[in-house]
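One structure is given here, and the rest of the page talks about it.
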Amino acid sequence: MPDAPSPPVSMETLVALCKRRGFIFQSSEIYGGINGFFDYGPLGAELKRNIRDCWWDDMVRRRDDVVGIETSIIMHPKVWEASGHVAGFTDPLVDCRASKQRYRADQLFFAAVVVDGATVGYVSALESERTPEALQEAAESLKRKKAIQGRLEPVKPRDMTEAAPEEIPLIPSPATGEPGSLTAPRSFNMMFQTNVGAMTDASSVAYLRPETAQGMFADFKNVVDTGRVKLPFGIAQIGKSFRNEITPRNFIFRSREFEQMEMEYFIHEDADWAKCHREWINWCRDWLISIGLPESHLSEYDHPKEKLAFYSRGTTDIMFRYPFGVQELWGIAARGNYDLSQHEKFSGLPQSIFDEATKRKIVPHVIEPAVGVDRIFLAVLCAGYAEEDVKDDKGGSEKRTVLRLSPRIAPVKVAVLPLLKNKPELVARAQALHKKLQRRYAVFYDEGGAIGRRYRRQDEIGTPWCVTIDFETIEKDGSFTLRERDSMQQRRIQEAELFALLEEKVY
Ligand code: ATP
């Protein structure tokens with residue numbers, strides 16, 4: 001994938017491509033959809049599976065110090081008391097009483113409109129790349145509407161969590177444009193509740209997990225007791241998580257059901273946690289690059305010390321430049337030994353391990369890289385999407401849409417195309433190659449339409465290579481044409497070379 005910054009693709013274009021080519025559909029679309037839930041279509045399911053598989057291979061199978069587990073989605077409710085989620089997994093919520101819309105208070109911005117030192121009103125805007133500009137424009141328009149003379153001061157954006165109680169009735173709702181309908185922010189717990197068993201009383205309340213991490217902590221002793229690990233070591237898992245997000249948005253970036261890939265790396269309490277933290281940040285960044293994300297789209301954000309939870313020593317997010325702004329992709333947190341200590345307290349069972357070096361029992365500390373599969377999925381689509389002007393068969397110019405996905409994650413690795421579908425020898429050879437490739441790789445057989453059009457179809461879904469079986473293949477040395485997606489260059493290649501190429505690039 002080229003590293004030069006390219007113009008960002010619009011979300012409308014991406015969403016349309018995802019639907020058209022069967023990457024992502026709205027969940028329950030035939031009933032009008034359900035906000036914050038998505039389905040992955042045939043190509044999407046492949047791409048997502050490849051992202052998961054690459055992570056699992058690199059994080060678990062190819063490391064000697066990490067083991068993988070799979071824990072249940074519904075756990076004992078005490079888990080979520082111990083972890084602090086029951087009391088504190090909340091977002092600040094603001095209601096608009098007039099429109100019945102709900103907003104996350106930290107994503108709803110407002111500003112006083114100040115003319116010649118006097119406040120003449122308030123304006124509001126939802127968080128976006130251009131929140132300050134939007135507020136400034138709204139302030140200018142309010143001044144004009146009220147026909148106020150004087151000098152308008154530059155607006156100072158604040159979010160609703162910073163609003164003074166007397167300001168709240170004066171701030172207009174983004175839904176109606178009128179003040180008076182917004183409520184003060186209140187805490188909203190994002191865990192989905194359910195009931196386990198036939199009773200639906202307080203004793204049967206359980207939660208869909210809002211993160212996979214607690215599975216690793218709750219099973220810590222089980223993993224240690226199976227005897228395969230010693231400090232430092234990691235426990236990893238991939239699985240669904242659920243959060244009743246107040247404002248799911250930006251397609252699959254923030255949804256209510258999503259998939260996480262998390263790893264808890266346990267270290268000695270005296271270990272150099274900052275060094276280990278740094279090593280994991282680097283590992284995560286390198287891994288993202290290895291599946292095709294351009295380095296130029298990645299950056300780091302260190303959470304300010306004063307905003308960290310009391311037990312946290314440091315959190316760094318790897319940020320990605322999405323079309324809607326630079327946003328968190330992967331959080332890497334140094335969490336001390338808070339989680340294990342809490343489970344020790346709430347379960348009454350020791351969560352310590354015996355340290356051979358110091359002959360002491362210790363509760364290990366942890367570094368936690370936590371990432372969402374869906375956010376990676378969106379990132380690779382955003383970075384890989386391009387529209388190019390290319391030469392058509394007749395020497396004219398035509399537009400091609402191409403998804404420059406890494407061969408590691410591309411849903412289809414190779415398309416096998418017989419040059420002509422009415423020549424049985426070509427078709428038979430192509431089908432034989434297709435069958436052989438299929439044993440190891442996701443491949444696609446396509447005999448319909450002009451060869452140029454077939455290449456374009458594959459470009460649009462990110463297939464790195466097409467092979468065309470032609471008369472030379474059957475009449476001469478068996479070689480066929482290999483066409484590369486990104487360069488569009490073609491060359492003759494033997495079957496063994498094709499397998500060697502795939503072996504090298506698809507890992
Ligand atoms: P945010 O601040 O964006 O809500 P977070 O800091 O709450 O995210 P974590 O609890 O650290 O997120 O979760 C770890 C990872 O899980 C995130 O970095 C992100 O990739 C993913 N993730 C979290 N919430 C969602 C969601 N609602 N939809 C999709 N992915 C999510």
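Both counts, for ligands and for their atoms, begin at 1 and track the order of listing. For the single chain, residues carry numbers from 1 onward in sequence order.
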Mark the output for Glu211 as yes if a heavy-atom distance to ligand 1 is under 4.0 Å, and as no if none is. no
Does the plane of the ring in Trp287 sit parallel, tilted or perpendicular to the ring in Trp283? Use 30° and 60° as the thresholds. parallel
Consider ligand 1: state whether an atom of it lies below 4.0 angstrom from any non-hydrogen atom of Val371. yes
Taking atom 22 (N) of ligand 1 as the reference point, the nearest protein heavy atom with its distance: Phe258 CE1, 3.5 Å
I want to know if ligand 1 touches Arg375 in the polar sense, i.e. an N/O pair below 3.5 angstrom. yes
His85 and Trp80 aromatic ring geometry - parallel, tilted or perpendicular at 30°/60° bounds: perpendicular
Have a look at Ile376 and tell me which of Leu47, Leu329, Ile409, Leu381 forms a side chain to side chain contact (heavy atoms under 4.5 Å, CB included) with it. Leu329
Are any non-hydrogen side-chain atoms of Met191 and Val86 less than 4.5 angstrom apart? yes
Show me which atoms of ligand 1 lie under 4.0 Å from any heavy atom of Gly331. 18 (O)
Could you list the atoms of ligand 1 found under 4.0 angstrom from a heavy atom of Ser255? 26 (C), 27 (N), 28 (N)
Taking the six-membered ring where the residue is Trp, are the ring centres of Phe258 and Phe38 under 6.0 Å apart? no
Might you work through the side chain to side chain contact (heavy atoms under 4.5 Å, CB included) test for Ser352 and Ile362, ending with a clear yes or no? CA-CA 5 Å; Ser352 53; Ile362 58 152; 5.9 Å; no
Closest heavy-atom contact between Pro157 and Leu135? CB-CD1, 3.6 Å
Under 3.5 Å, is there a donor on one side chain and an acceptor on the other for Ser241 and Glu259? no
Looking only at heavy atoms, is any part of Arg254 under 4.0 Å from ligand 1, and if so is it the side chain, the backbone, or both, or is it neither? both
So is there a nitrogen or oxygen of Phe253 less than 3.5 Å from a nitrogen or oxygen in ligand 1? yes
Out of all atoms in ligand 1, which are within 4.0 Å of some heavy atom of Leu329? Include the element for each. 18 (O), 19 (C), 20 (O)
of all protein heavy atoms, closest to atom 15 (C) of ligand 1 is Ala370 O, 3.6 Å
Nearest non-hydrogen contact with atom 7 (O) of ligand 1 belongs to which option: Glu257, Arg243, Glu328? Arg243
For the ring pair Tyr207 and Phe242, is the centre-to-centre distance below 6.0 Å? no
Starting from atom 14 (C) of ligand 1, find the nearest protein heavy-atom neighbour and note its residue, name and distance. Gln260 NE2, 3.5 Å
So which bit of Glu245 gets within less than 4.0 Å of ligand 1, heavy atoms only: side chain, backbone, both or neither? side chain
